[in-house]
Amino acid sequence: MEQDVESPATFKPHKLPKQAREDPPNKIAERDRSRRLQRYVQKNGKCNVHHGNVRETYRYLTDLFTTLVDLKWMLNLFIFVLVYTVTWLTFGFAWWFIAYVRGDLDHLSDIDKKWIPCVENLNSFVSAFLFSIETETTIGYGYRVITDQCPEGILLLLIQSVLGSIVNAFMVGCMFVKISQPKKRAETLVFSTNAVISMRDGRLCLMFRVGDLRNSHIVEASIRAKLIKSKQTKEGEFIPLNQTDMNVGYNTGEDRLFLVSPLIICHEINQGSPFWDVSRSNLHTEELEIVVILEGMVEATGMTCQARSSYVSSEIKWGYRFMPVLTLEDGFYEVDYNSFHDIYETNTPSCSAKELFGARSRLPFTWSLGSKLSQQGLQMSEQETKKSPEYQGKILQPERNEDIANVENESKV
């Protein structure tokens, strides 16, 4: 029979993160409080995420074209000039080296001109460099030309022509894509500064406004919204910055926009909404962020454009609506963008949509919360009216008229 042998247990201390080892606890707490104010997406649409400790940097070189396009303009222009300069210098050195090996540079002073060089009038490295530029850019001034007595020069001419075409296609294509990127088109797609929560058609809704400042429209425009909020699963797993879709009309097609004038995008707060349990009192205590994404094709170029913005909990105003911006003028509609971000206060329940739904479900089927309140107010007004002396006089007057009528009938009989 086997026996269990006790062995001394060794416990390895958990290795703390680098940030916890370097920073004292009070600094960590201050940093955590400051991080709560950090946005996932800035108001201008820039994502506030930095990639660190990327070891597989070779992956950027596998997609070299996209890497060059994503570079900043100054670095992109520097690489553009550098590639062409290096190419011209490399082939210029190759032409000079052929002339040096064949001895063309030793027969420059021949008077009889019996020596046939590889490239006529190539007498130095500078002239070889100029001939390289003329060959690759197909300028062809006619002063320096290749002869048919130089097979190695003919081979080099073919190589430079092919490689020069590849370099031109790559670099010019890169610059063309860089210039025609629709990122600047997103600058004229505007979002409202605040989002609002108010009643619409008897339902509690979260709304924000989008607009296009240009006369050329966005084709096939569509809108999406995501809630960015950390969560903890039932198993105890913590998911930072979890993304939850918010329905802004996907089922009804209202997410596909005809963005000619500013539109108010509406998210109905129902049982499938992440704001189902959120009330006015605990809205500003929630650490959340709403990211809105507007996508479409630029009418002028046909390229896909994307504009982004976000709303944190302090930018969501409960009990407000947007001011109207569209007015009818003489033969046209005018949009007043001075009032694009303006909101005004309106009567809105302070409870959550869940509590509002529960209050309505406790009423009869034919009643609504508004009709119940109005009926209660009507009953109270009726009770106050009955207590007034005018109402008592109106009641006594018909009774006296009935008594007089009865006496007249008895006298007739």
Side-chain angles (χ1 to χ4, degrees), residues 191-211 221-227 229 244-259 261-286 288-292 294 311-328 333 339-382:
F191 297 86
S192 58
T193 306
N194 298 304
V196 298
I197 295 179
S198 60
M199 299 295 294
R200 173 176 279 193
D201 294 332
R203 298 177 178 86
L204 202 62
C205 298
L206 184 145
M207 293 169 284
F208 58 92
R209 179 183 275 167
V210 296
S222 61
I223 190 75
R224 292 183 292 135
K226 286 184 175 292
L227 177 67
K229 182 180 178 182
T244 305
D245 285 332
M246 297 175 57
N247 189 1
V248 289
Y250 177 78
N251 300 329
T252 58
E254 295 180 359
D255 62 328
R256 293 184 289 274
L257 309 178
F258 181 53
L259 197 59
S261 61
L263 300 176
I264 297 177
I265 310 301
C266 179
H267 164 70
E268 181 183 343
I269 304 178
N270 49 25
Q271 295 181 356
S273 171
F275 290 88
W276 177 244
D277 297 329
V278 178
S279 62
R280 184 172 188 173
S281 59
N282 59 7
L283 173 62
H284 297 295
T285 60
E286 294 284 341
L288 55 87
E289 182 178 355
I290 300 175
V291 177
V292 292
L294 177 63
Y311 302 98
V312 295
S313 57
S314 60
E315 296 172 345
I316 303 175
K317 305 299 181 181
W318 191 289
Y320 285 85
R321 289 178 184 169
F322 287 104
M323 292 287 294
V325 295
L326 194 64
T327 57
L328 178 60
Y333 292 96
S339 304
F340 182 83
H341 303 282
D342 295 343
I343 57 178
Y344 66 94
E345 194 170 1
T346 182
N347 294 327
T348 305
S350 300
C351 60
S352 64
K354 182 178 181 180
E355 295 173 349
L356 184 62
F357 178 79
R360 288 178 174 177
S361 62
R362 289 192 294 269
L363 298 176
F365 180 74
T366 57
W367 288 3
S368 64
L369 184 60
S371 62
K372 179 64 177 178
L373 295 176
S374 61
Q375 185 173 357
Q376 290 179 356
L378 182 61
Q379 292 178 356
M380 293 177 62
S381 61
E382 289 180 353

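Small disclaimer: the values here were computed from a predicted structure and weren't measured. In what follows, residues are counted from 1 in the order of the sequence shown.
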Does the side chain of [Y] come within less than 4.5 Å of [X]'s, by heavy atoms?
| X | Y | answer |
| --- | --- | --- |
| V292 | V210 | no |
| I343 | T193 | no |
| R280 | T348 | no |
| H267 | L227 | no |
| F322 | S192 | yes |
| L204 | W318 | yes |
| L288 | I316 | yes |

Smallest separation among heavy atoms of V248 and I223, with atom names: CG2-O, 3.7 Å

Non-hydrogen atoms of S198 and R321 that approach each other most closely: OG-CG, 3.5 Å

What's the spacing between [X] [atom1] and [Y] [atom2] if we round to 0.5 Å?
| X | Y | atom1 | atom2 | result |
| --- | --- | --- | --- | --- |
| Y320 | D342 | OH | CG | 12.5 Å |
| I290 | L206 | CD1 | CG | 4.5 Å |
| E268 | F275 | CD | CZ | 14.0 Å |
| C266 | D255 | SG | CG | 13.0 Å |

Is the side chain of R209 donor-acceptor paired with the backbone N or O of F340 at a distance under 3.5 Å, no angle test? yes

With sequence neighbours excluded, what pairs up with K226 under the salt bridge (charged side-chain N to carboxylate O under 4.0 Å, His left out) test? D245

Return yes when atom OH of Y344 has more than 12 non-hydrogen atoms of other residues, nucleotides or ligands closer than 6.0 Å, and no otherwise. yes

Would you say S273 and N270 are linked by a side-chain donor-acceptor pair, where the criterion is simply a distance under 3.5 Å? no

